[in-house]
Asker: 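Okay, here's the structure, questions in a sec.
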Amino acid sequence: MSPLSAVLAHASISAVSTAFAVVALLLALLQFSGSSRIHNHCYAVQNDGWWVDQRALVWQPAGCTLHKYTASDLRTCLAPSGDAASAVISEQIVFIGDSTMRNKYYALARLINPDYMAAVNDTKAHSDLSVGWPAIGGPVARFIWDPYLTTPQTHAILSPPSNITSASLRAPKVVVVGSGAWFLRNAEDVGGLQAWRRTIDWLADRLHAAGHIEHAYVSPVPGVVPELLTPERRRTLKPPAIDTMNDYMAAIDLPVFSAWALMAQGAPHETLDGLHYSPALNDRAVALLLNRVCNPAVVSRGARPPLHTTCCFAYPSPGWYTRAAAALTAAAVPLMLLLRRLSKRSVARALPSADTVRQMAVFGAVLLLMYTCDRTPLFAKLHKHFDARVFALLCSLALAAGVAGWEEDPASGAGFLGRRQTDEWKGWMQIAILVYHLLNASTVSAIYNPVRVLVAMYLFMTGYGHCSFFYTKGDYGLRRLTAVLLRTNVLAVGLAYMMGTSYMDYYFAPLSSAWVLVVWATMRVASSRNKDAGWVVWAKLAASAWLMWLVNTLHLWPFGMLERVFGVRWSQREWEFRFGVDIFIVYVGMAVALVRLRHGSQLQAHARWPQMQRWAVVAALAAIAWYFWFELTRADKYAYNAWHAYVSPLAVLGFVVLRNATPYLRAHSSSVFRYAGVISLELFIAQFHLFLAADTKAVLVLVHPRLWFVNLAVVTLVFVGMCKMLATASGAISAWLMATPPPPPESSARLGAGSDIAMAELGHGGDDASLTARPALDRLASEPPVVLRVIRLFYRLVLHSLAVRWVVGIAVLLAINKHYDD
């Protein structure tokens with residue numbers, strides 16, 4: 001990519017993403033009111049959607065994600081009181097109609113009691129049925145066989161409460177009515193469409209007056225597959241007549257569950273007789289019904305992140321921390337103007353500059369945009385679904401872009417694992433991880449396993465890069481360590497408070513930070529011996545690896561203490577998995593760095609160095625080939641995880657050797673991948689709420705739910721632009737947090753004047769006692785109170801000491817964490 005094209009590409013990304021951010025933030029102002037959460041995609045659940053995978057029967061409502069219901073969830077939904085565990089529920093859901101309604105009843109019954117179908121007598125298909133909770137009893141759901149909607153039970157249930165005389169027929173919570181096919185099949189006996197229309201008009205009157213029923217729905221007349229129907233059914237069940245029925249119900253404003261008709265229409269392979277659909281399809285249909293009915297009670301009530309369900313979901317209102325961030329962001333402009341006026345005064349020394357405030361405002365604005373995208377119903381969300389063809393296509397496009405950006409590096413940036421090469425490495429890995437997360441490829445073991453190696457590669461670079469720095473520079477001071485940790489964690493910590501998530505959810509930030517500290521401590525201990533020709537440095541690496549393995553294996557991390565004392569709730573089990581699965585790769589990176597720094601020159605000067613290079617390439621190819629054979633032959637990803645820490649170094653070292661196999665490869669890199677690599681930290685963390693949604697469990701939609709590829713292009717453009725802005729803003733915030741303000745220009749003059757006065761007072765000591773005592777009394781009278789002097793001392797310590805700032809910063813975060821849920 002030429003410099004001009006790179007500038008134009010960057011400009012277009014920034015312009016589009018900035019324009020989108022402005023519009024989205026204006027819309028975001030509406031999200032701080034309760035009324036904005038009325039739009040919760042319940043309409044989409046009931047009326048619109050499509051099969052994203054017809055073979056696996058994966059249904060996608062238009063713009064939201066579904067909750068997968070269990071029997072426990074259903075009991076919570078149908079409990080008449082808050083005690084869902086012990087309540088005995090009576091007929092909370094009633095299905096009325098023909099065999100299509102009975103099949104949906106069966107789907108619900110299987111969820112309530114998995115053993116129910118074994119006890120069903122098929123000879124009583126045209127009869128009423130009921131099901132209750134196992135070991136508790138009491139009917140929960142009921143089916144009333146009434147294809148013409150004429151039985152007394154149907155009339156009683158749909159009648160107003162004053163007409164209900166039997167306690168057993170009291171109004172259920174949910175009523176689903178379905179009728180139509182029998183009117184067509186027996187048209188000569190019952191009157192056909194005209195009789196059905198009169199029945200539906202009566203039903204519409206009843207449902208419009210049925211305020212005693214919380215949820216009442218009408219099933220559409222299911223579509224048929226004529227070629228599979230019996231001759232008798234084919235003669236009577238005509239698709240035009242079915243379409244007429246469904247159009248009429250929509251015209252008189254009945255609460256039709258139209259999504260069920262779309263399900264049947266999109267899955268003709270799920271019926272064997274052309275009329276009745278498979279249990280699997282009816283399971284999906286009932287899942288839609290439960291999401292429509294139960295999500296407010298099961299999912300929305302007391303909802304806390306992660307928020308994986310967005311259908312019929314009332315998002316929680318913003319917390320005080322989100323409102324405070326919005327207020328501070330809005331106050332950035334007047335604050336910048338004020339700082340410019342105070343820039344020459346001493347009070348401004350402790351405050352950020354106007355440029356820093358602008359970057360803080362950018363940082364806050366992007367976080368608010370992410371909140372708007374992932375914590376409000378303003379933008380749609382879609383389920384992630386793996387498609388091998390799409391996965392191959394996106395990987396091919398990314399590879400083509402990387403090849404198009406292949407260019408020669410300047411001499412200063414070339415070499416073994418140089419900066420430009422490692423940026424490229426981080427870039428293509430991050431793109432692969434984005435595609436992996438976008439398509440939910442973690443469900444495929446053959447893809448999950450190599451992606452675990454990509455994480456190991458990141459940690460290899462952590463060990464290699466920081467070990468190289470500490471070995472060559474010998475700088476173990478707090479300033480450099482603080483710079484690395486701040487840059488790594490500013491975005492992750494900000495998102496944890498803004499989004500109401502856990503810091504550990506953005507696992508790469510804490511994982512990288514922990515390993516940076518481990519590398520620092522390993523090299524810091526006996527640092528004067530690091531360059532000795534002996535075994536000391538290697539012994540330190542071995543001892544550190546053993547100690548970290550021991551801490552992780554014996555569960556010695558202090559997470560329990562953090563929760564008891566400070567209210568920090570981090571999952572120790574998740575952390576031990578993340579830390580342990582790559583527990584040796586950082587030390588492999590450190591070892592490679594030490595070998596290069598200590599023995600690189602001697603190796604390259606060796607007479608057999610060219611032969612060693614050729615054999616290294618052969619060994620690297622063999623190692624990578626063996627790795628792929630190994631990971632593909634494991635039973636599943638869980639079996640592979642047990643071996644990952646031991647086999648991943650082979651793949652990582654194999655790639656390092658191949659990438660640096662020739663001078664040409666070492667002297668070239670891809671500008672496209674480098675661009676992504678420079679902002680790879682932001683790409684990894686921000687994807688949780690901007691590229692993806694629902695805390696990574698869904699895909700963010702900025703255009704239209706059905707335009708998947710168009711939406712991907714727009715989201716990617718906005719996402720990359722925002723990450724570039726976040727990278728700049730994070731760097732500015734980190735620099736300000738570390739900055740030590742210079743002393744004011746007049747401080748030395750004041751100090752000199754004060755010294756002269758003191759010397760003058762001492763000079764008069766022998767002449768007049770009153771002249772000597774008076775200045776001392778004046779100074780005593782003018783000294784500020786002790787409390788004020790302590791405050792000033794603390795203020796100076798905070799300004800000039802990184803160690804004190806560390807303590808204050810951690811104390812502030814812990815204090816906020818204590819009151820985080822208030």
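Just the heavy atoms: all of them, side chains too, but no hydrogens, waters or symmetry mates, feed the values below. Residues: numbered from 1 along the sequence shown.
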Asker: Side chains of V357 and W736: closer than 4.5 Å at any heavy-atom pair?
Answerer: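 The answer is no, as the side chains (C-beta and beyond) never meet within the 4.5 Å cut-off.
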Asker: Does K381 have any side-chain hydrogen bond (donor to acceptor under 3.5 Å, both in side chains) partners at least two apart in sequence or in another chain, and if so, which?
Answerer: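 Only Y315 meet the side-chain hydrogen bond (donor to acceptor under 3.5 Å, both in side chains) criterion with K381.
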Asker: Excluding sequence neighbours, so at least two apart, what forms side-chain hydrogen bond (donor to acceptor under 3.5 Å, both in side chains) with N440?
Answerer: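 Expected list: none.
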Asker: Ignoring hydrogens and angles, tell me if any N or O in the side chain of N552 forms a donor-acceptor pair with the backbone of M548 under 3.5 Å.
Answerer: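 Such a contact is absent between N552 side chain and M548 backbone.
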Asker: Looking at side-chain heavy atoms only, is the closest gap between L597 and T472 below 4.5 Å?
Answerer: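 SC-SC contact between L597 and T472 confirmed.
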Asker: Just checking W428 against F655, ring centres under 6.0 Å apart?
Answerer: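 Distance test on ring centres: under 6.0 Å, yes.
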Asker: Quick check against the 3.5 Å criterion: does E424 have a side-chain atom that pairs as donor or acceptor with the backbone of R674?
Answerer: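 Side chain of E424 to backbone of R674, a donor-acceptor pair under 3.5 Å: no, none is there.
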Asker: Does E682 form a salt bridge (charged side-chain N to carboxylate O under 4.0 Å, His left out) with K426? I'd like the steps, not just the answer.
Answerer: CA-CA 12 Å; E682 287 70 30; K426 291 186 291 184; over 6 Å; no
Asker: With sequence neighbours left out, what residues match V715 under side-chain contact (heavy atoms from CB on, under 4.5 Å)?
Answerer: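 Scan of V715 (side-chain contact (heavy atoms from CB on, under 4.5 Å), adjacent residues dropped) gives F691, L702, N711.
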Asker: Do the numbers put K724 on top of the ring of Y675, so that NZ or CZ is under 6.0 Å from the six-membered ring centre and no more than 45° off the axis?
Answerer: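 Pair K724/Y675 counts as cation-pi.
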Asker: Could you tell me whether a side-chain N or O of S513 sits under 3.5 Å from a main-chain N or O of L485, the two making a donor and an acceptor?
Answerer: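 Between the backbone of L485 and the side chain of S513 there is no qualifying donor-acceptor contact (under 3.5 Å).
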Asker: Take T501 and D695 through the test side-chain hydrogen bond (donor to acceptor under 3.5 Å, both in side chains) and record every step on the way to the result.
Answerer: CA-CA 9 Å; T501 52; D695 297 291; 5.5 Å; no
Asker: Name the one of Q421, R420, H668, R666 that satisfies side-chain hydrogen bond (donor to acceptor under 3.5 Å, both in side chains) with D409?
Answerer: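 Testing each of Q421, R420, H668, R666 against D409, the sole residue satisfying side-chain hydrogen bond (donor to acceptor under 3.5 Å, both in side chains) is R420.
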Asker: Please examine the side chains of L307 and R375, heavy atoms only from C-beta on, and report whether any two atoms are closer than 4.5 Å.
Answerer: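 Yes, close enough: below the 4.5 Å cut-off.
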Asker: Look only at the side chain of W520 and the backbone of Y476, and say whether a donor-acceptor pair between them is shorter than 3.5 Å.
Answerer: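 Checking the backbone N and O of Y476 against the side chain of W520, a donor-acceptor pair under 3.5 Å is found.
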Asker: Report the residue from V519, D475, V484 that forms a side-chain contact (heavy atoms from CB on, under 4.5 Å) with F469.
Answerer: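 Considering V519, D475, V484, a side-chain contact (heavy atoms from CB on, under 4.5 Å) with F469 is found only for D475.
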Asker: Do other residues, nucleotides or ligands put more than 12 heavy atoms under 6.0 Å from K384 NZ?
Answerer: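 Yes, the 6.0 Å shell around NZ holds more than 12 heavy atoms from other groups.
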Asker: Looking at residues at least two apart in the chain, or sitting in another chain, which of them share a side-chain hydrogen bond (donor to acceptor under 3.5 Å, both in side chains) with T482?
Answerer: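 Here the qualifying residues are W806.
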Asker: Indicate the ring-plane relationship of W557 and F559, choosing parallel, tilted or perpendicular according to the 30° and 60° boundaries.
Answerer: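 Answer is tilted, since the angle falls between 30° and 60°.
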Asker: Determine, using ring centers only, whether Y458 and W425 are less than 6.0 Å apart.
Answerer: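 Ring-ring flag for W425/Y458: false, centres at least 6.0 Å apart.
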Asker: List for me each residue that meets side-chain hydrogen bond (donor to acceptor under 3.5 Å, both in side chains) alongside Y587, sequence neighbours excluded, and say none if there are none.
Answerer: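 Only S544 meet the side-chain hydrogen bond (donor to acceptor under 3.5 Å, both in side chains) criterion with Y587.
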Asker: Got a donor-acceptor contact below 3.5 angstrom from the S671 side chain to the G405 backbone?
Answerer: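 Judged by distance alone, yes, a pair lies under 3.5 Å.
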Asker: Step through it carefully: locate the ring centre of Y506, locate the ring centre of H689, and say whether they are under 6.0 Å apart.
Answerer: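 Judged by ring-centre distance (under 6.0 Å), Y506 and H689 do meet the cut-off.
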Asker: Under 6.0 Å between the ring centres of W570 and W575?
Answerer: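 They do not qualify: ring centres at least 6.0 Å apart.
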Asker: What's the shortest heavy-atom distance between V451 and Y436, and which atoms?
Answerer: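 For V451 and Y436, the tightest heavy-atom pair comes out as CG2-CD1, 3.5 Å.
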Asker: Of the non-hydrogen atoms in A694 and H308, which two are nearest, and what is the gap between them?
Answerer: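 In this case the closest contact between A694 and H308 is O-CD2, 3.3 Å.
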Asker: According to salt bridge (charged side-chain N to carboxylate O under 4.0 Å, His left out), does anything in residues 496-511 pair up with another residue at least two apart or in another chain? List the pairs.
Answerer: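 Sorted pair list comes back empty.
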